[in-house]
Every structure is written in C-alpha cells, then in structure tokens.
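Read through the structure below, which is laid out as structure tokens, and then see the notes.
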Amino acid sequence: MDNTRVAEILGEIAELMDIKGENSFKVRAYEKAAKAVGAVAGPLSDYLEQDALETIPGIGKGIAARIGEMLEDGGSALLEELRDEFPPQILSLMKVPGLGPRKAAQLYRGLGIGNIQELKEAASLGRIASLKGFGKKTEEKILRGIDIVSAYAGRLPLGVVLPLARDIINKLSKIKGVIKVVETGSVRRRKETVGDLEIIAAAGAHDFGGIMDSFSQAAVISEIHSRERNRIRLKTADNFLVSLRLVEPDQFGAALVRFTGSKEHADSLQETAKNKGIGTLGNSILDIPGGEEEIIYSALGMEYIPPEIRENKGEITGAAEHKLPILVTPEDIKGDLHIHTNYTDGMNTIEEMVKAAIACGYEYIAVSDHSQSLKVAGGLSPERLKAQQKEIDEVGAAYPGFRIFKAAEVDILPDGKLDYDEETLKNFDFVIGSIHSYFNQDIDTMTKRILCAMEDPRLLILGHPSGRLIGSRNELKINWDEVLKAAAKRRVILEINSFPERLDLNDERCRKAKEMGIKVSINTDSHSINHLKFVEYGVMVARRGWLDKKDVLNTMKSKELENWLAERSEFLKGLK
DNA sequence: GCCGTTTTCGGCCCGACTGTTTTCAGTCG
C-alpha cells in the first residue's frame, strides 16, 4: 500500500467519524495525519520497518498503529467498521456545497438520505425544508449545490485518470504481443475532466485474444463490460469505464489520430483527406497506413499537431501553414513561484521545499505563504513574516546559486486592498494576489476589487484567478475583458494553478491571454514537497491554451527573471 | 488522537456568514 492510499484511508476515516459525531479534535487528528502522510518523502513502509512512524509530526501512538495495520494487512478494520454504519455513498452528500458532516448526518438519520440522487428527490419534493434545522432557503441552496456537483457527473479529474492510465499502460506494455500502447480520447488531449479512459494498443491480430484475456485479469479491473474481436471494455472497482482497442501495427498511427479526437478534429482531417483524394478509399484517414501519427499529418501536408490542441479551433489551418506554436513542456519550467511552507499551512520547512525544488531541476522558488487575514491557514502577521524572511535569508545563504524570492500569497480584501500595510509590502520581491473570502460579490464589485488590487505595483501574479474548484465551487463572477485588459496594461501575470481541482486559469482563457500579450505563470501552490510534481498538470493546461515557452514567466532562467522584474518595475513607474 | 522551553492534562488555526432561530449551530476558507 502506497502513501497516497494510506492518506486516503485516514481521510475517509476522518470524514466518517465526523458524520458519526465523534470528538471534532479526534477527527482533526485524523485529518492532520492524512495531510502529514501526504507530505512524507519516502515510503511509509520504511518508517514502519525502522519503527519511526511516530517521528512524523501529527502521527502518534494510535494512528501509527492504524497505519501499521494498513501496511501489513492492506486495509483498516476501523474504516470497515465505520463504513458499515452508513450507506456506501454517504460521503458524497458532503460534496454538495453547504452540506457538512452535521447536516449530512441529519439528512441520513431524519430522512434516510444516503446519496445525491435521494437528496435531489427529497429536496425537489420539499421534504428537506420540514426537517428541524433546515428551511426553504437551505433546500434551495442544496438544489443549486447539486447542480454544481453534477455538472461533472460521471467525469473524473484528469489528476485521477492520468495516473490510472499510466498504471494500466505500464501493465499492458508488459503483456506478451503488445508492441505499442497509448491512451487516446480526452485523456490524451489532457482535458481537465475525463468521462472514460480509452487505450489503444498495436499487436498482431493473432495476439488480440490473448492480450484481452491477460488485460481483463489486471488488478485494477473489477468486471468485463463488453468484448468484441478487437475491443474490450472493462470497469474498475470505482465503476470507471476503461476500454482497450487493438489494432495491427500498420493501422496504429491512423487509429491513434481517429480515437484521440476530438471528433471535430478528426472529422476535419477526414474532410481534408477527402478533398485531397488521400487514402485507398479516398474518404478515410483510417486508410492511410503507417505506425505513427506523424505519417498521417505529413500525408495531409501538415506539420504534426500535438494532441492537446486537437479541438478543431484553428490547429488544422495552422498545421497546414506550418505555423503552430512550439508548445511549452515541463522541461521548460525553471522554477515555481507559488510555494507554501510550515510557516502557514504548508507541511514542509523552507529548506525542505528548496531541496525538493532543486531535485526538480529548478533554479528558483518564491516562498509565498498566506497573509494575516487568512486565519484558518495561519496567515502570517508582520512579526512572523519577519522571522520567515530571516529564515529565507539563512536558507538562501546555504544554497548559493539557488534563488529564493520573498513573496506572499496576499489576500485581496473585499474592498480590493492588499492584506498588508505599506511597511510590510516593501519587503517582498513581489506578491501573488488571491481571493479567499467574500466569493459571492456581484460582478461589478468583484471586478472592481480585482482591478483595484492590480493597481498595486507589487502585485505581480493574480493567483488562481477564477477561484473555481472543479466539481465543488463555481467561478467568481468577474468581467474578464476588464481584468485581462488591466493585466495586459500593467504586465500582471495570470497564474495557472496546477492543482488538479483548480487548473485555473483554464485553457480557453490562456489562449485569450496570449492573444492579448499577457504572460502566465505555471505554479503549483505546493503545500508539501509532494505537490511540486503537479506542475505537469499546469503545463497541460498551458499547452491546451496554445502557449509556448515565451508566454510563461517561469520558463525564464533566474537572472532573466530578475531582469524582467526590474524592467517591469521601471515600466510601471513610467505608467503613473 | 496529538502534543508539550507553560509536558502527562488540557488545550487543540479562527472569524464571518447564513439560515435558522429568538440566541445559535453549521459551514466555509
């Protein structure tokens, strides 16, 4: 059992205990332990072997024993006990905005509601308003909340599906007879959410049956959904559909293009093929033989089109004219400009984050802990900030050649002011401005609020600009034309927040920003060393937004970035 | 359940908003 799974189990125990009504500090202890496990560098089994689980902050005697049990037995008796007390989908209720553990428990105990479907029915029938502690408004809020949750019904975040895809592909590639194997569909195009996972493999036709037999026995698979000569569809334990399609090596390139899609992209290619009279039947790109996609595009007189931009939004014309951008890659990223530490709600020290960043091949990070108003995250008072900046200097001195920027993720207050006074703001290299409160301001107030914050020359980056959380919180109401215009004018950077549930700025707005000459920064918002790896998801969004290296601030090398910052500062003085 | 230069008990990030109440519980960030 890996660390992630242990963290998941601890988290589920916490949630179920919370619904059950256990002591909230006990619940928090499990929550904290889950977070702590997520921030551990090496495998927990090493800690267990050395009897060192209790050296992890937040893990004491009790939880260490629970973790030991998980690692040795592959499960948790406590979790099973708790699960037995509630319907299997009970936790899904808490995903609805406005519903927490208390209300979820009451809905279950009072009305026997155990899943979203039952919740929706009860709310529609007006049964919830009659429950003690609930009312008409709560019922309406629940119905609105269900809409947010079900907007992505049946779809999973890319952050969940991509690791699953990689795991399955790794297993498939080891099966005898499999020559090549690649994911297709929206996973390969790196869309932010994915409805099902499609994989394609090249093999000799005589091996098809055996490959499907082996694959259907893989550990992640729980049942066979359907099976044909060259295609098998299976379900994972979580009821997620995985489909494997087998083709002969010579068809692989064309099939990969067809099934990567998007449908609109593939149809448009087909149209091009038809017009050019390419393919043996003259009407199908599937007729162009070749093992690689490049052959297909080349046969159509085009440069290769990266999967992320295959949405029929100008890429086909661009490829025909050989004018596609060279999309940014993870290797282009030279540093991370949004990092939290244990000074606020991060799990690791400044030095640990620096070491982890160096291991990523980075030249710099910006330590950007929360500002004073965000009490829940332990936002730094000016005094604590001084201590933090002193430590940044000390760590910086120990790692010459690595640059640590002094930054902060400063709350943009409801009136648009930044959450530190002049005296304090002077001490930053730059700040990230983010909204963490008063999410439901109307569009004019919210837009003015953001524009006001952007006026401050120290605000370099607008953090997670839309504020959305995929599947749980809608976007802020913002006049984007105004905000983008101001960003272009004042050289404000828009963040692509790489957390899989944020991916904010999104792909479409990235492209819009690029057109307006606005740069983005691909940041992870890491709260532990294990979050740094999320940068690849941010890069995926940037690629979907057609961004090349020059559009991304943190592809600059350290010195180049310093110069750019200095130049921006001069530029802003000239604006006044 | 965890933690301790206030250590074996008694705290535990906190403040605001919302909707339900008629003084507050629950949720959120």
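Every chain is numbered from 1, with letters handed out A, B, ... down the list of sequences. Reckoned from all heavy atoms, side chains included, excluding hydrogens, waters and symmetry mates.
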When you compare B/dC17 with B/dC12, how far apart are their P atoms, in angstrom units rounded to a whole number? 23 Å
Nearest-nucleotide pick for A/V376, side chain only, options being B/dG1, B/dG29, B/dG26: B/dG29
Out of B/dG15, B/dG1, B/dT27, which nucleotide sits closest to the side chain of A/N23? B/dG1
Rounding to an integer number of angstrom, what distance separates B/dC9 and B/dG15 when you compare their C1' atoms? 28 Å
Comparing A/M94 with A/K137, nearest DNA chain B nucleotide closer to 5' gives the residue A/K137
If you measure from the C1' atom in B/dG1 to the same atom in B/dT5, how many Å do you get, rounded? 24 Å
Under 3.5 Å, is there a donor-acceptor pair between the A/S521 and A/N523 side chains? yes
salt_bridge(A/R468, A/E192) N-O dist < 4.0 Å: yes
Watson-Crick or G-U wobble mate for B/dT8, both contacts under 3.5 Å: none
A/E475 with A/R509: basic N within carboxylate O range, under 4.0 Å: yes
Taking the C1' atom of each, how far is B/dT20 from B/dG26, in whole Å? 10 Å
For each nucleotide in nucleotides 2-9 of chain B, reading 5' to 3', give B when a protein heavy atom comes within less than 4.0 Å of its base, S when such contact involves only the sugar-phosphate, and - otherwise. SS------
Counting side-chain heavy atoms from CB outward, which of B/dT27, B/dC13, B/dG29 is closest to A/P101? B/dT27
OP1 or OP2 of B/dC17 under 4.0 Å from side-chain N/O of A/Y438: yes
Charged N to carboxylate O below 4.0 Å: is that the case for A/R83 and A/E12? yes
Give me the distance, rounded to whole Å, that separates B/dC3 from B/dC13 when you measure between the C1' atoms they each carry. 15 Å
Centre-to-centre under 6.0 Å for A/H340 and A/H531, is that the case here? no
Quick one: label A/S437 by what it contacts on the DNA or RNA (base, sugar-phosphate, nothing), any heavy atom closer than 4.0 Å. nothing
Lys/Arg N to Asp/Glu carboxylate O, A/K512 vs A/E508, below 4.0 Å: no
Separation between the P atoms of B/dT8 and B/dC14, rounded to whole Å: 22 Å
Starting at the 5' end of DNA chain B and moving along, which residue's nearest nucleotide shows up first, A/T138 or A/V96? A/T138
Please tell me which of the listed nucleotides, B/dT27, B/dG29, B/dG1, lies nearest to the side chain of A/L374? B/dG29
Whether A/E139 and A/K136 form a salt bridge (side-chain N of Lys/Arg under 4.0 Å from carboxylate O of Asp/Glu) is what I want to check. yes
What integer number of Å spans the C1' atoms of B/dG11 and B/dA16? 24 Å
By the 4.0 Å heavy-atom rule, please label A/N440 as base, sugar-phosphate, or nothing. sugar-phosphate
Kindly determine whether A/L505 and A/V541 satisfy side-chain contact (heavy atoms from CB on, under 4.5 Å), including the steps that lead there. CA-CA 8 Å; A/L505 211 58; A/V541 173; over 6 Å; no
Per A/K375 side chain, nearest of listed nucleotides B/dG26, B/dG29, B/dC14: B/dC14
Residue A/R102, side-chain atoms from C-beta onward, closest of B/dG29, B/dC17, B/dT27: B/dT27
